[in-house]
Amino acid sequence: MTTISPHVHSPRQKQGFLAWLWMWLTTLDHKKVGILYLCGGGFFFLIGGIEAILIRIQLAVPENTFLVGSAYNQVLTMHGTTMIFLAAMPMIFALMNAVVPLQIGARDVAFPFLNSLGFWLFFLGGLILNVSWFLGGAPDGGWTAYTPLSSEYLGSGMDFYILGLQVAGAGTLMGGINFLVTIINMRAPGMTFMRMPLFTWTALVTSALILFAFPALTVGLFFELFDKIFGANFFNATNGGNSVIWEHIFWIFGHPEVYILILPAFGVISEVIPTFAKKRLFGYSSMVFATVLIGFLAFMVWVHHMFTVGLGPMANSIFAIATMAIAIPTGMKIFNWMFTMWGGQIHFNTANLFAIGFIPTFVMGGVTGVMLAVPAADFQYHDSYFVIAHFHYVIVGGVVFGLLSAIFYWWPKMFGKFLNETLGKFTFWFFFFGFHFTFFPQHFLGLMGMPRRYFTYFKGEGLEAGNLISSIGASGMAIATILLVINIVITTAKGKKAKGDAWGLGRTLEWSIASPAPEYNFAQTPLVKGIDPLWKAKMEGNKKLTPAEPLGDIHMPSPSILPFLMSLSLTLASFGFIYADINGMGALVFAGIGIGLMFLLMLIHSLKDDHGFHIHKEEIIETEKGAE
Amino acid sequence: MKKNWQHVLRFLPLITLLALLSGCGKDGVSALEPFGEIAREQAKLMIISFSIMIIVVLVVGIIFTYVLVKFRKRKGQEEYIPRQVEGSAVLEIIWTVIPIILLAILAVPTVAKTFSTSDTTSKSVTKDAVVINVTANQFWWEFEYPDDKVVTAEDAVIPTGRNVIFNITSKDVTHSFWVPALGGKVDANPGQTTKLRLKADENGTYSGRCAELCGASHALMYFNVKAVSNDDYKAWINAMKDGASEPTTASAKEGQALFKNNCMSCHAVDSKDAGIAPNLENFADRKNIAGFLDHNKENLEKWIWDPQAEKPGALMPKRGVNNNLTKDQIKQIADYLFTLSVED
């Protein structure tokens, strides 16, 4: 296994399909894991998108019968769950994997094995959730899975939700811990905290949020699992349980979760805007401060999802003020971005269009966020389409715009080729207008009394026009997505090759090495002398960064199939639990076997001596020459 | 092109809001057309927060547009390197402090109104208030008037101009009680009681709905709140206590007998009993069948024949489809149910 050469970037041509498949199943290279995350996240993004289109078809006209009752609830639940857990989260991890080690001048993440395990857990968790469509119906209790509806009143779909998210969530937690350690421990010499690129900062804070938020979800899901499968009564009011506890647990996880998504998007915008304005980020220190503050406040505001639960005006007021406070660091960010562009030279390419489009869109999501923070008014907005509009403005207008910007920006670094700009600009304009047409009218639908998660509405309530515009807008986003897929296919076949500093305007370390990065990333770990080290070096007329070490052999971890097998064993265990609920306790045998296998694989991993392998100096010199 | 469009976008919310405030939707449904004290206070808060936020949007929009136009890359400037500005303490303090001030201005009415609109216990609101116990069920609403020992379902009758305190709970899953034209919602949690105060300004029927996902027919869990004058309200309570008059036609009498044998184990027709299904004592006076269907015999017959075809997941057995009852018998039951009126 130690023979994989660093020259082999596309082994498909040289080896058979099986060898290619084996390479992807066993890879521990953060760049390849990043590509896996991108493919996995992209795949689920398309599924979630199809579900969104189904929703908009049903709601395009009043009293439609295309998708009603539980079928509609299944689609809305899977749309939300898929987009949050299986599309946005893995795409964030794709970026963190592809970029963070390169930005801090590291050769890999701190725990490559965990990294791969995290991916396979996410992917198989996602598959567990999605096979529910074929095995008795998908989850239909909403992505929030409120009890006792989800734990006592619905069918086996919710079993798939509980186990699928449990497995995927474990993967996310591992990823979070991994990046926390990577960023704290593996920075290149001179890369102090206050010299880290903003994307790395947001990755650090997001990882910390994952560390504290996901255990709450894990515990909550275990409670729900016990209620549903083993007849426990955590959330059963008639037997002394309390269903509101689930809401607290869920939102103590759920609110930080949305910041876990948006912070890296902020990070992306903070990279793309300076790069394409040819200016350093305005107010770097306050941007860092704002990021940390938002991360901290993320845990202080969960009750604003629960204003109508009846916790009383005191609790509501306290959480209202805390929620409003978040607008302050967020506002700082918006102004810093605009003043980064002020006096700069703004390049309107696709990556920057998405970053620029992010600003007004996110501001609109932000101001409705402040409006929602007013509890008495929220009693009207809550669980109406106003909320739908708000969180799509921040999650699509924020997170997805950020992700699309990042994909266009870092694509050359990840794959060595540019995406097509013309198609890219069409993608942007279709997506931008499609998005606003879809979600802007929904503010008013909500105020006019249309609750969320309604599979229909009646003629004569004044809701027809808004819903029709919304559905038409959704097709704009669908066209944009199809154009992006076409773009990827075309440019993969014959795209323009990218240099190391692909845009010619790179500021941070990832642009100082070849595109795509060689397996070892940095032939010599660079010495970092300030913020934007590459920009600094270029301005001083240096072609290369000062190395911090002599050229030598580089130690790499061996590939391993164990993460994939471990994830498979947990998948088996999950089906054991799911079928224990559907077919009786006998299926628990499979849960036992799955968990037993997991421990066995952990034992093998611990006992097996694996020294990794070295890429020799000569090979590195050879590779670096080729990259010139 | 971008610039003009951005301007339109900035003003679109304001224009649309004004259009909506002048009335586009159906009367008695929208949160923006309040018909009661609570909804009015909440709409005021919306306007306050919206006005403050529109300032933010305008400021950002103007700077944003200016920056994009002024500092766009122009031809022949490829070699230009902008000055690398680190930041500006003064500017950064300005855009930290001004939002704090704006939010402080918003926070004062927010806290005040949050307390005042949630008040269900102080003397000033409880004196002369009507109390209604609301029990949410999959997928219908029960209303009990504890002071008068009257139970009804689907349509609540309230006196105009008086405070109404709703004590809300759920028999099964979490629901949420929402009458947009009268005020915001509050959840119906199983095993707990939440309180909501509403007050109607004018006589009329206000549409209510469930606002928390509660199962397959969450989207059909409507109810109505009928606001009537205080005298009419008192008359209605007394009429409910007296009960509906006995049926007179032969068909309705047949229907009554059938109802007793087939339906009465779940549905009460006496306002003293709650029953496990909606109380039907004043069924004929209601605005809708099953909360959302138009109130006519044809719909009622369809409903009894196969309730799940109309309302997925409804708990009522399929009397017709399962051959317990013939079409004619269902017609007779419908005739009987349409005699259940306490109004003149």
Side-chain angles (χ1 to χ4, degrees), chain A residues 68-70 73 142 146 148-149 153 237-238 243-244 278-280 282-284 286 308-310 313 316-317 320-321 324 327-328 331-332 334-335 338-339 341-347 359-360 363 367 370-371 374-377 379-380 382-383 444 447-449 451 453-456 460-462, chain B residues 16 20 24-26 29-32 42 45-46 49-50 53 56-57 60 63-64 67 71-73 77 80-85 87 92 95-96 99-100 103 107 110-111 113-115 117-118 173-174 176 180 184-187 189-191 194 209 211-219 312-313:
Chain A
V68 299
S70 170
N73 291 351
Y146 274 16
L149 177 70
Y153 287 81
T238 39
S243 64
V244 175
K278 282 169 106 174
K279 253 186 90 200
R280 67 173 278 172
F282 192 91
Y284 172 89
S286 67
T308 65
V309 166
N316 284 355
S317 296
I321 303 298
M324 288 179 187
I328 296 159
M332 285 160 66
I334 298 283
F335 281 103
M338 291 196 301
F339 277 79
M341 293 192 282
W342 189 292
Q345 190 192 50
I346 305 167
H347 294 57
I359 294 176
V363 166
V367 300
V370 174
M371 291 170 74
V374 179
F379 295 163
Q380 289 283 23
H382 183 81
D383 266 355
F444 303 101
L447 294 174
M448 288 159 79
R453 294 166 169 175
Y454 264 33
F455 65 75
T456 197
E461 289 189 313
Chain B
T16 322
L20 275 160
C24 296
K26 196 173 84 171
V29 179
S30 174
L32 292 174
Q42 290 167 338
L45 267 179
M46 289 180 196
S49 56
F50 180 77
M53 287 302 120
V56 175
V57 170
V60 173
I63 299 174
F64 180 77
V67 166
F71 302 108
R72 70 181 188 274
K73 187 186 156 198
Q77 293 184 333
Y80 170 68
I81 302 292
R83 202 160 63 88
Q84 304 292 305
V85 184
E92 286 172 57
W95 62 62
T96 310
I100 292 177
L103 289 173
T110 295
V111 174
K113 295 264 155 92
T114 297
F115 275 87
T117 57
S118 302
V173 305
T174 307
S176 194
K185 58 190 78 64
V186 71
D187 291 357
N189 303 314
T194 48
R209 67 248 1 235
E212 184 60 66
L213 182 64
C214 59
S217 278
H218 168 55

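Reminder, nothing fancy here: chain letters follow the sequence lines and each chain counts from 1. On a predicted model such as this, the values are computed, not experimentally measured, just so you know.
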For [X], is it the side chain, the backbone, both, or neither that has a heavy atom closer than 4.5 Å to a heavy atom of chain B?
X	result
A/Y284	backbone
A/Y146	side chain
A/T456	both
A/Y153	side chain
A/V374	both
A/I321	side chain

Give the member of [options] that has the highest number of heavy-atom pairs under 4.5 Å with chain A.
options	result
B/A107, B/S118, B/P82, B/G191	B/P82
B/L103, B/T194, B/T96	B/L103
B/S176, B/S217, B/G215, B/P312	B/G215
B/G313, B/A211, B/P99	B/A211

Atom pair [atom1] ([X]) and [atom2] ([Y]), whose distance is rounded to the nearest 0.5 Å:
X	Y	atom1	atom2	result
A/H382	A/T308	NE2	OG1	3.5 Å
B/E212	A/L149	CD	CG	9.0 Å
B/K185	A/Q380	NZ	CD	6.0 Å

Could you tell me which portion of [X] (side chain, backbone, both or neither) has an atom closer than 4.5 angstrom to a non-hydrogen atom of chain A?
X	value
B/R83	backbone
B/E92	side chain
B/T114	both

Without swapping roles, check the side chain of A/K279 against the backbone of A/G343 for a donor-acceptor pair under 3.5 Å.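 Checking the backbone N and O of A/G343 against the side chain of A/K279, no donor-acceptor pair under 3.5 Å is found.
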
Considering non-hydrogen atoms only, spot the tightest contact between [X] and [Y] and give its length.
X	Y	answer
B/S49	A/M371	OG-CG, 3.7 Å
A/G449	B/R209	O-NH1, 2.5 Å
B/F64	A/P360	CZ-CD, 3.4 Å
A/E461	A/M448	O-CE, 4.3 Å

Among [options], which has the most heavy-atom pairs under 4.5 Å with chain B?
options	answer
A/G283, A/G310, A/S70	A/G283
A/I346, A/I328, A/V68	A/I346
A/S243, A/G331, A/G344	A/G344
A/G142, A/A377, A/S317, A/A237	A/S317
A/M341, A/R453, A/M332, A/K278	A/K278

Between B/W95 and A/F282, what is the ring plane arrangement, given parallel below 30°, perpendicular above 60°, and tilted in between?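 Taking A/F282 first and then B/W95, their aromatic rings sit tilted (interplane angle of 30° to 60°).
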
Student check: side-chain heavy atoms of B/V173 and B/P190 closer than 4.5 Å: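 Of all side-chain heavy-atom pairs linking B/P190 with B/V173, none is under 4.5 Å.
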
So do the side chains of A/F335 and B/I63 get within less than 4.5 Å of each other, counting heavy atoms only?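 A/F335 reaches B/I63 side chain to side chain.
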
